[in-house]
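Below is one structure; the comments refer to it alone.
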Amino acid sequence: MQWFLNLGAVWQALIASLMMYLMTALGASFVFFSKKINKTVITALTGGAAGIMIAASFFSLLLPAIEYESSVPAYITAPVGFLLGGACVVLCDVLLSRKAFSPKGLGDKKNTLLFFSVTLHNIPEGMVVGVAFAAAGAEGAVLSAFFLAVGIAIQNFPEGMCVAFPLRAKGMSPLKSFLFSQGSGFIEIPSCIIGAVAATFVSGLLPWALTFSAGAMIAVVCSELVPECFSGNKTVATLGIVMGFCLMTVLDLALG
């Protein structure tokens, strides 16, 4: 692990983004073995990922932004950046639902919306991780950013399934279903690198980038993960969120 801690922020972000992408691909690969998903497992994983990301939004993004020394006071950067990040995700979702189209091979409108909504919200997720690594100075902060990436990677596993299996159920071949699904996660790699590079070389933007990313993260959790997991077993979903939040809190406070 020490070799990872000694790397620059951009290289750390690249490695983390590859892990996140591979988890999407791993989840999508299950389409080769079955057409069905165990709903309870998906609910628990999605709820856990939501809890991890909620905790990470505060401990890894908002709190460092508030503590960052800047010419602009935190009571301005925190709410404004958070609002802009959330509004960006909401606006993109609205535009996507109104302007949806069905590329050849994706099937009906529902599958198209699913594919593009997942791909879309992977962009701020990737940027969140990149910004977190750029903001990390001490060893504990780097580990905090790494666990943020782990939380997103956990979420990407069922996400890969949730894109691949509907495509397979509509008659698409297992290979094409897998390729489309893993492709939705690939966007996180350039997004993560861009976030790290921008936040590293334009330090004045760091608190804005952190709060913007936190807002985007919470918007993604509220619009995608929470409705998805609570559409199943509410008890399992609630326990997943609480356990995920507690896990991230313990890791962040113990290592941060």
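Predicted, not measured: the structure shown is a model, and the values here were computed from it. As a basis for the values below, the full set of heavy atoms in this structure was taken, side chains included, without hydrogen atoms, waters or symmetry mates.
Residues Ala134 and Ala9 come closest through the heavy atom pair CA-CB, 3.9 Å. Taking every heavy atom of both residues into account, Val131 and Gly195 meet most closely at CG2-O, 3.8 Å. Contact between Val31 and Pro174 at its shortest, heavy atoms only, is CG1-O, 3.5 Å. The two residues Ile187 and Ser184 make their nearest non-hydrogen contact at CG2-O, 3.5 Å. Minimum heavy-atom separation, Ala13 to Gly130: CB-CA, 4.1 Å.
With hydrogens and angles ignored, the 3.5 Å screen pairs no side-chain donor or acceptor of Ser181 with any backbone N or O of Phe178. Remark: the backbone N or O of Leu26 is paired with a side-chain donor or acceptor of Ser29 at under 3.5 angstrom. Although no hydrogens or angles enter the test, the distance criterion places no donor-acceptor pair under 3.5 Å between the side chain of Asn233 and the main chain of Thr40. Here the side chain of Glu188 pairs no donor or acceptor atom with the backbone of Ser17 at under 3.5 angstrom.
Annotation for Met19: atom CE counts as buried by contact number, over 12 foreign heavy atoms lying within 6.0 Å. The number of heavy atoms from other shown groups lying within 6.0 Å of CZ (Phe230) is above 12.
Note on ring orientation: taking the six-membered ring where Trp is involved, the planes of Phe59 and Phe245 are tilted (angle from 30° to 60°).
The hydrophobic cluster containing Met20 does not contain Ile194, counting ILVMFWY residues as joined when their side-chain heavy atoms lie under 4.5 angstrom apart, directly or transitively. Hydrophobic clustering (ILVMFWY, side-chain heavy atoms < 4.5 Å, transitive): Ile154 and Ile189 are in one cluster. Residues Ile15 and Phe186 share a hydrophobic cluster, clusters being chains of Ile/Leu/Val/Met/Phe/Trp/Tyr side chains in contact below 4.5 Å. Val129 and Trp11 fall within the same hydrophobic cluster, where Ile, Leu, Val, Met, Phe, Trp and Tyr residues are linked whenever their side-chain heavy atoms come under 4.5 Å apart, directly or through other members.
Residues satisfying the ring pair (Phe, Tyr, Trp, His ring centres under 6.0 Å) test with Phe157, not counting sequence neighbours, are Phe30.
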Before giving the answer on side-chain contact (heavy atoms from CB on, under 4.5 Å), spell out for Ile241 and Cys229 the whole-Å C-alpha distance, their side-chain angles and the decisive distance to 0.1 Å.
CA-CA 9 Å; Ile241 292 174; Cys229 66; 4.2 Å; yes
Let's go through Leu175 and Phe32 carefully: what are the C-alpha distance in whole Å and the side-chain angles of both, what is the deciding distance for side-chain contact (heavy atoms from CB on, under 4.5 Å) to 0.1 Å, and is it a yes or a no?
CA-CA 7 Å; Leu175 179 59; Phe32 290 109; 4.3 Å; yes
Could you walk me through whether Gln182 and Leu22 pass the side-chain contact (heavy atoms from CB on, under 4.5 Å) check?
CA-CA 8 Å; Gln182 62 85 32; Leu22 289 174; over 6 Å; no
Given the rule in the side-chain contact (heavy atoms from CB on, under 4.5 Å) test, do Lys176 and Ser173 qualify, once you have shown the distances and angles that lead to the verdict?
CA-CA 5 Å; Lys176 288 184 68 176; Ser173 69; 3.3 Å; yes
Under 3.5 Å, side-chain donor or acceptor atoms of residues 204-212 against the rest of the protein: list the pairs with distances, not counting sequence neighbours.
{"from": "Thr211", "atom 1": "OG1", "to": "Thr77", "atom 2": "O", "distance (Å)": "3.2"}
{"from": "Thr211", "atom 1": "OG1", "to": "Pro207", "atom 2": "O", "distance (Å)": "3.0"}
{"from": "Thr211", "atom 1": "OG1", "to": "Trp208", "atom 2": "O", "distance (Å)": "3.1"}

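Residues Phe58 and Thr249 have side chains not in contact (no heavy-atom distance under 4.5 Å, counting atoms from C-beta outward).
Here the straight-line distance linking atom OH of Tyr21 with atom SG of Cys192 works out to 15.0 Å at 0.5 Å rounding.
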